[in-house]
Number of protein chains: 2
Amino acid sequence: MPKKLYSDIYDTLKQEINKQVYQPRNTLPGEEELASRFDVTRNTVRRALKELQSDGLVYAVKGRGVVVLEPIRDDRVIFQAENKEGFEALRNFPQNKFIQRLATDVLTFEEVEIDEELEKLTSFNSGDIAYYIERLRLFDGKALAVDNSYFRKNLLGDMNREDAENSIYEYIRENSLFKIAAERSTTTVESATKRDLQVLDVGDMNCVGALTKFVYTDTGRLFEHTQTRYVPNHFSMVDFKSF
Amino acid sequence: MPKKLYSDIYDTLKQEINKQVYQPRNTLPGEEELASRFDVTRNTVRRALKELQSDGLVYAVKGRGVVVLEPIRDDRVIFQAENKEGFEALRNFPQNKFIQRLATDVLTFEEVEIDEELEKLTSFNSGDIAYYIERLRLFDGKALAVDNSYFRKNLLGDMNREDAENSIYEYIRENSLFKIAAERSTTTVESATKRDLQVLDVGDMNCVGALTKFVYTDTGRLFEHTQTRYVPNHFSMVDFKSF
DNA sequence: GAGTGGTCTAGACCACGGT
DNA sequence: CCGTGGTCTAGACCACTCC
């Protein structure tokens, strides 16, 4: 029962590329031809193709056609699911073989008032009340990451430590507080702090990866600032750009 | 002289957002209204809006409108331009204050045949001939990054060390060999290798950031594999996702 | 119910690549 | 030249949010 035509077409073509019906370095059938095959307009086909392109599966060349790109192998992908729902989502990620080997430990749960220093860090407004939550992420019992999160309290309402132990996004959904609209993140490598050495199993390493994330609600309000600090050699993030 | 309507609209709206004509947490005028203002169809306006959204400037909510997101401040952005054209492009990046403090040193330039081990690393085909180029990236005389690159020779033709010392993308353009279509990259943090310690000014650090990049031509052929290894605390990469 | 963005159609013309 | 993808128009109907 097709609800969105373009997304059905996207799924179909994606499968066919995976099954090598269309092979790397060959072109897909023309947009016109695909349009008549799926019995839709060219525009709708184009939309599906655009999605495939932003996945990094194909690339369109004017005058030549839509080219299937050669695939890449990568093993260590974990962080790829580190979108939107945070670490907790990794456990439910279908393609994730690591389910049940992940665990979370809430180290700190407290309310803080945003002062000037925190304002710079979080981009929250000075004077706001925020929850500060420090969560340790365990993989096979090893402490591989810490999340340092600030959530605006006036958007979350009264929350307790148990809510933080489960998925906070679950909590938001259940109480239907608001919707997540978007997130901006920056990735860096930094020296390990004393706290990092205390809580993380960094071994001999003296630095960590840092993923700093700002999350917005659908009214355009910044409501979460999280910095995930993770030990080297265990995470990777993937990206695709087309020109 | 407007060539692409949607991109003019995009530019105009972007400016107006920066000038706070439309302020954070407020909505833009409706799509219909914008369409009549710019004298185009709603579709064309939507296209411009979509671009603004993928920049992370606005977010569209069905039934409410297009919301302007609160901005984020980030200083250390260098790697943001690390798209497509590689390190050399940073020097020409207009918003980059670091021009002329960057330099490149070609450490290694040689031809190699892809064996099984290199096939795994680069995704090139076994038996191919490739240029292996190791370039040191200096900032104020400090060695902050090394690029380990493989380029398929049959796509590049005969290239010499001087070409590598300048921008290789420049070389491709000048000889109009082909066009760059897309790139896939993965970001990780890894233990520093002996080579890293040898060539990079890592100081006390014993790990590095690694950006592994696969670059495709417009015929869908993989032609470059580059791993950039960089010292901590000097680089950041930004990303935006909307849901 | 009025207004918003989301999806889709059925056309048109253009720029580009390959013959 | 023909076929490709890129841009754009002028409509339509739907789903959603807010009052």
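Because the structure is predicted, anything quoted here is derived from the model rather than measured. Throughout, a chain's letter reflects where its sequence line sits, starting with A, and its residues are numbered from 1.
The residue among Arg42(A) and Gly65(B) whose nearest nucleotide of DNA chain C lies closer to the 5′ end is Gly65(B). Between Leu49(B) and Ser7(A), the one whose closest nucleotide on DNA chain C sits nearer the 5' end is Leu49(B).
Comment: Glu16(A) engages Arg37(A) in a salt bridge, judged by a side-chain N to carboxylate O separation of less than 4.0 angstrom.
Judged purely by atom type and a 3.5 angstrom limit, Tyr131(B) uses its side chain to pair as donor or acceptor with the backbone of Met159(B). When atom types are taken as modelled, the side chain of Asp147(A) and the backbone of Ser149(A) share no donor-acceptor pair closer than 3.5 angstrom. Between the side chain of Arg137(B) and the backbone N or O of Thr228(B) there is no donor-acceptor pair closer than 3.5 Å.
No side-chain heavy atom of Gln23(A) sits less than 4.5 Å from a side-chain heavy atom of Val68(A). Residues Val58(B) and Tyr22(B) fail the side-chain proximity criterion, which asks for heavy atoms closer than 4.5 Å.
Here the OH-CD distance, from Tyr150(A) to Glu224(A), works out to 12.5 Å after rounding to the nearest 0.5 Å. In this structure, His225(B) NE2 and Asn148(B) CG are separated by 9.0 Å, a value rounded to the nearest 0.5 Å.
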List every contact pair, protein side and nucleotides 16-19 of chain D side both N or O, where the distance is under 3.5 Å.
unit_1, atom_1, unit_2, atom_2, d
dT17(D), O4', Gly63(B), O, 3.4
dC18(D), OP1, Arg64(B), NE, 2.6
dC18(D), OP1, Arg64(B), NH2, 2.6

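For the pair Arg47(A) and Tyr6(A), the cation-pi test (distance below 6.0 Å, angle within 45°) is passed.
In summary, contact between chain A and DNA chain C, defined as any nucleotide atom under 4.0 Å from a heavy atom of the protein, begins and ends at dT7(C) to dG18(C) in the 5' to 3' direction.
Side-chain contact of Arg64(B) with Thr27(B): a donor-acceptor pair under 3.5 Å is absent, judged by distance alone.
Within residues 28-38 of chain B, the residues having any heavy atom under 4.0 Å from DNA chain C are, by residue number, Gly30(B), Glu31(B).
Across all strands, Arg47(A) comes closer than 4.0 Å only to sugar-phosphate atoms, never to a base (heavy-atom distances).
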